[in-house]
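I have placed the structure first, in the form of structure tokens, so that the comments after it can refer back to it.
Below, all heavy atoms of this structure are taken into account, side chains as well, without hydrogens, waters or symmetry copies.
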Amino acid sequence: MQLMRLGPPGAERPVVRDGEGALHDLGGLTADIGGAFLANGGVAMVRAALEAGVLPRLSDEGLRIGPPIARPGKIVCVGLNYRDHAAETGAEIPAEPVLFLKAPDTIVGAYDEVLVPRGSTKTDWEVELGVVIGKTARYLADGDDPLSYVAGYAVSHDVSEREFQLERGGTWDKGKSCESFNPLGPWLVPADEVPFPQNLGLRLSVNGVERQNGSTADMVFGVAEIVRYVSQFMVLHPGDLINTGTPAGVALGQPEPKPFLRAGDVVELEVDGLGRQRQTLGQA
């Protein structure tokens with residue numbers, strides 16, 4: 001099953017898509033798909049309701065596909081987490097995960113417009129596996145199962161402005177937190193339906209030209225290690241999002257002139273089993 005939120009920004013309604021592609025309204029079970037829903041057994045509740053056949057059918061005709069979770073408390077990102085991506089940018093493979101934060105209000109739907117920031121000349125793409133936390137994780141020990149703290153997975157687009165990120169001093173955050181810089185979805189797939197997240201293909205194209213084609217098997221640090229590691233430095237709460245890094249093929253790693261994004265460009269991206277996104281770039 002696939003958890004979704006449909007409707008205009010700020011007024012999305014929670015729905016579930018079953019294995020046959022039919023949509024069902026979740027309004028009788030929850031007001032939204034967010035941290036409280038995930039923490040209180042929401043996924044299991046929806047599955048039980050689906051199996052019981054008690055959820056009303058819903059048509060998606062004309063409805064916008066919003067991000068599959070309500071605004072998270074935080075977005076934690078892992079940089080340089082694919083060996084080939086580190087190599088293309090001339091960086092050393094990190095000994096420990098490189099962490100940075102992205103503003104939660106960057107989250108938009110999988111088909112929403114992405115805005116090139118004012119003054120930007122180096123807006124870049126990054127297809128990533130998004131990990132949504134399902135229960136509070138703090139100081140996870142070696143004997144803990146970090147994947148048991150994951151509610152589900154989604155396609156995440158970690159849009160970046162490389163000049164802001166790398167050439168303007170300070171931290172990476174200001175090149176990562178521009179408005180609309182994190183399309184998410186189109187849906188959230190429950191974790192138990194993705195039992196092995198380290199064997200998923202990721203692909204991205206710009207204007208029909210393939211730019212990225214990698215696999216989560218090439219992560220320097222896998223999902224379980226990332227969740228365990230992050231929990232040593234901050235509390236992960238239900239509904240939080242972790243962006244786990246991107247494979248090679250970003251504009252930053254291309255020869256000159258680097259094909260950074262411009263208004264009018266179309267980006268399409270997908271992760272095996274998690275759906276597909278498509279965004280047209282606009283100008284802020």
Would a single hydrophobic cluster contain both [Y] and [X], if residues Ile, Leu, Val, Met, Phe, Trp and Tyr are joined by side-chain heavy-atom contacts under 4.5 Å?
| X | Y | result |
| --- | --- | --- |
| Leu115 | Leu261 | no |
| Val108 | Val266 | no |
| Val54 | Val15 | no |
| Ile242 | Val235 | no |

query: Going by side-chain heavy atoms closer than 4.5 Å, which hydrophobic residues are tied to Ile75, directly or by a chain of links?
result: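 Direct or chained contacts put Ile75 with Met1, Leu3, Val16, Leu26, Leu29, Ile33, Phe37, Leu38, Val43, Met45, Val46, Leu50, Leu55, Ile69, Ile107, Val132, Leu184, Leu188, Leu241.
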Transitive ILVMFWY cluster of Tyr139, excluding itself - 4.5 Å side-chain cut-off: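 ILVMFWY cluster around Tyr139 holds nothing else.
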message: Checking the side chain of Asn81 only, and the main-chain atoms of Val78 only, is there a donor and an acceptor separated by less than 3.5 Å?
response: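 Here the side-chain-to-backbone pair does not exist.
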message: Check whether Arg211 reaches the backbone of Leu204 with its side chain - one donor and one acceptor, N or O, closer than 3.5 Å.
response: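 Not a single qualifying donor-acceptor pair exists.
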task: Establish, for the pair Lys174 and Phe164, whether the NZ or CZ atom is under 6.0 angstrom from the six-membered ring centre and no further than 45 degrees off its axis.
output: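 No, a cation-pi geometry is absent between Lys174 and Phe164.
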message: Lys122 and salt bridge (charged side-chain N to carboxylate O under 4.0 Å, His left out): which single residue from Glu163, Glu161, Glu167 fits?
response: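 Of Glu163, Glu161, Glu167, salt bridge (charged side-chain N to carboxylate O under 4.0 Å, His left out) with Lys122 is met by Glu167 alone.
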Pairs under 3.5 angstrom only: tabulate donor-acceptor contacts from the side chains of residues 92-102 to other protein residues two or more places apart or in another chain.
unit_1	atom_1	unit_2	atom_2	d
Glu96	OE1	Tyr229	OH	2.5
Lys102	NZ	Asp158	OD1	2.3
Lys102	NZ	Val159	O	3.1
Lys102	NZ	Phe181	O	2.7

task: Kindly compute the distance separating CG (Leu202) from CG (Asn213), expressed to the nearest 0.5 Å.
output: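 The distance works out to 9.0 Å.
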- prompt: Looking at residues at least two apart in the chain, or sitting in another chain, which of them share a salt bridge (charged side-chain N to carboxylate O under 4.0 Å, His left out) with Arg276?
  reply: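 With sequence neighbours excluded, Arg276 shows a salt bridge (charged side-chain N to carboxylate O under 4.0 Å, His left out) to Glu268, Glu270, given in chain and number order.
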message: Go through it in stages, so that I can follow the logic: the residues are Ser160 and Asp124, the test is side chain to side chain donor-acceptor pair (under 3.5 Å), and I'd like the CA-CA distance, side-chain angles, deciding distance and then a yes or no.
response: CA-CA 5 Å; Ser160 308; Asp124 205 347; over 6 Å; no
field: Sequence-distant partners of Asp192, side chain to side chain donor-acceptor pair (under 3.5 Å), two or more places apart
entry: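 In terms of side chain to side chain donor-acceptor pair (under 3.5 Å), with neighbours along the sequence ignored, Asp192 is linked to Arg47.
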task: Give the C-alpha distance, both sets of side-chain angles, the deciding distance and a yes or no for side chain to side chain donor-acceptor pair (under 3.5 Å) between Thr106 and Glu179.
output: CA-CA 5 Å; Thr106 58; Glu179 62 180 325; over 6 Å; no
Selection residues 106-127 - residue pairs positive for ring-ring contact (aromatic ring centres under 6.0 Å, His included), sequence neighbours left out: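 Checked against ring-ring contact (aromatic ring centres under 6.0 Å, His included) - neighbours excluded - no pair reaches residues 106-127.
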message: Looking only at side-chain N and O atoms, does Asn182 offer a donor or acceptor that is under 3.5 Å from a partner on His157?
response: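 Side chains of His157 and Asn182: no pair found under 3.5 Å.
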message: Would you say Glu210 and Gln212 are linked by a side-chain donor-acceptor pair, where the criterion is simply a distance under 3.5 Å?
response: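 No, Glu210 and Gln212 have no side-chain donor paired with an acceptor closer than 3.5 Å.
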